[in-house]
Amino acid sequence: EVQDGRYWLVAFSASWCKRCKPVTEMFEKLTQQIKSSKVEDKLAVAMYDTDQEDKSVMEKYEVEGLPGIVLIKPDGKWLEYTKDRDMKSIKAFLREETGVAVKKEKVRSESSTAGRLLELTHDNYTQIINNPDKNVLVKFWAPWCRACTETVAVWNELAEENTD
């Protein structure tokens with residue numbers, strides 16, 4: 001039972017569920033964004049591993065398929081999340097239901113991104129791509145693309161291994 005005065009966004013997943021992996025990775029990012037937005041006193045996210053935990057919790061929240069996402073309110077009431085499973089839609093849902101705005105993490109400066117993925121934007125694209133001192137590998141992707149989201153872990157690993 002979660003009743004600590006916060007809203008809890010809970011994703012139910014399983015290790016064998018291929019559709020759960022992108023949601024898990026998105027929840028990891030969302031956790032970091034909640035911390036950087038300084039709203040962790042109002043909102044928290046959690047992953048519920050149905051392989052390891054009591055499946056009766058799924059029944060309590062009427063989760064019938066994986067990944068299932070539920071928002072538990074501070075008063076114990078809950079509602080199922082049924083909209084698109086991308087960061088923008090989830091943040092809009094959270095803002096609408098909780099009044100809490102989760103902001104995107106600021107992109108680190110180039111000097112602090114060694115070994116990390118860097119988000120290219122209209123503002124930094126030319127500077128990064130045209131830097132003669134660095135080799136740059138660019139992945140164009142969409143959050144709704146299953147193949148794209150399934151390779152996020154590989155890209156993170158490549159970024160960690162190639163710090164130059």
Side-chain angles (χ1 to χ4, degrees), residues 4-49 66-73 79-164:
D4 63 357
R6 296 187 285 178
Y7 288 90
W8 281 84
L9 188 66
V10 180
F12 293 84
S13 67
S15 60
W16 50 265
C17 173
K18 287 185 179 185
R19 293 183 310 139
C20 295
K21 187 172 181 169
V23 171
T24 301
E25 291 168 353
M26 183 173 40
F27 267 54
E28 289 170 0
K29 284 183 182 178
L30 186 58
T31 298
Q32 293 305 313
Q33 292 178 12
I34 287 170
K35 287 179 184 177
S36 68
S37 297
K38 298 184 177 25
V39 293
E40 59 266 76
D41 61 325
K42 299 175 184 138
L43 176 64
V45 296
M47 295 297 300
Y48 193 89
D49 186 344
L66 297 178
I69 301 175
V70 173
L71 178 67
I72 304 170
K73 299 179 180 186
L79 64 128
E80 180 182 10
Y81 177 80
T82 58
K83 298 179 181 182
D84 290 337
R85 307 248 168 134
D86 61 78
M87 188 69 83
K88 183 177 180 181
S89 299
I90 286 180
K91 284 182 180 181
F93 169 79
L94 289 171
R95 190 172 41 257
E96 180 182 306
E97 293 296 330
T98 70
V100 176
V102 178
K103 298 173 186 154
K104 185 175 187 175
E105 284 183 285
K106 292 181 181 175
V107 176
R108 295 178 276 275
S109 69
E110 187 178 351
S111 62
S112 67
T113 59
R116 304 253 193 272
L117 290 178
L118 177 65
E119 182 177 344
L120 294 177
T121 65
H122 176 74
D123 296 329
N124 69 9
Y125 180 85
T126 303
Q127 175 189 4
I128 292 170
I129 296 300
N130 292 333
N131 184 341
D133 299 324
K134 297 214 179 247
N135 292 320
V136 180
L137 182 61
V138 177
K139 176 186 180 189
F140 295 92
W141 73 290
W144 49 262
C145 170
R146 181 177 175 189
C148 297
T149 57
E150 288 177 351
T151 61
V152 169
V154 173
W155 281 87
N156 285 329
E157 188 176 320
L158 281 170
E160 289 297 324
E161 290 175 3
N162 297 284
T163 59
D164 293 334

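Index from 1, following the sequence.
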Point-to-point distance, once rounded to the nearest 0.5 Å, from [atom1] of [X] to [atom2] of [Y]:
X      : Y      : atom1 : atom2 : result
Ile128 : Thr121 : CD1   : OG1   : 7.0 Å
Asp84  : Phe93  : CG    : CZ    : 12.5 Å
Met26  : Ile69  : CE    : CD1   : 5.5 Å
Leu71  : Tyr7   : CG    : OH    : 7.5 Å
Lys91  : Arg95  : NZ    : CZ    : 8.5 Å

[X] side chain to [Y] backbone, donor-acceptor under 3.5 Å:
X     : Y      : value
Thr98 : Val100 : yes
Arg85 : Arg19  : no
Ser37 : Lys103 : yes

Apply side chain to side chain contact (heavy atoms under 4.5 Å, CB included) to the pair Gln32 and Lys35, showing each step before the final yes or no.
CA-CA 5 Å; Gln32 293 305 313; Lys35 287 179 184 177; 4.2 Å; yes
Can you give me the closest heavy-atom contact between [X] and [Y], atom names plus distance?
X     : Y     : result
Ala11 : Val23 : CB-CG1, 3.9 Å
Val45 : Thr31 : CG2-OG1, 2.9 Å
Met47 : Thr24 : CE-OG1, 3.2 Å
Leu79 : Glu97 : CD2-OE1, 3.9 Å

So, Asp86 and Lys88, do they make that salt bridge, N to O below 4.0 Å?
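Salt bridge absent between Asp86 and Lys88.
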Anything under 30° is parallel, anything over 60° is perpendicular, the rest tilted; go ahead and classify Phe12 against Tyr48.
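Ring orientation of Phe12 relative to Tyr48: tilted.
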From CA spacing to verdict: side chain to side chain contact (heavy atoms under 4.5 Å, CB included), Leu9, Phe27:
CA-CA 9 Å; Leu9 188 66; Phe27 267 54; 3.7 Å; yes
Dump the intermediate steps for side chain to side chain contact (heavy atoms under 4.5 Å, CB included) on Leu66 and Trp16, then the final yes or no.
CA-CA 10 Å; Leu66 297 178; Trp16 50 265; 3.8 Å; yes
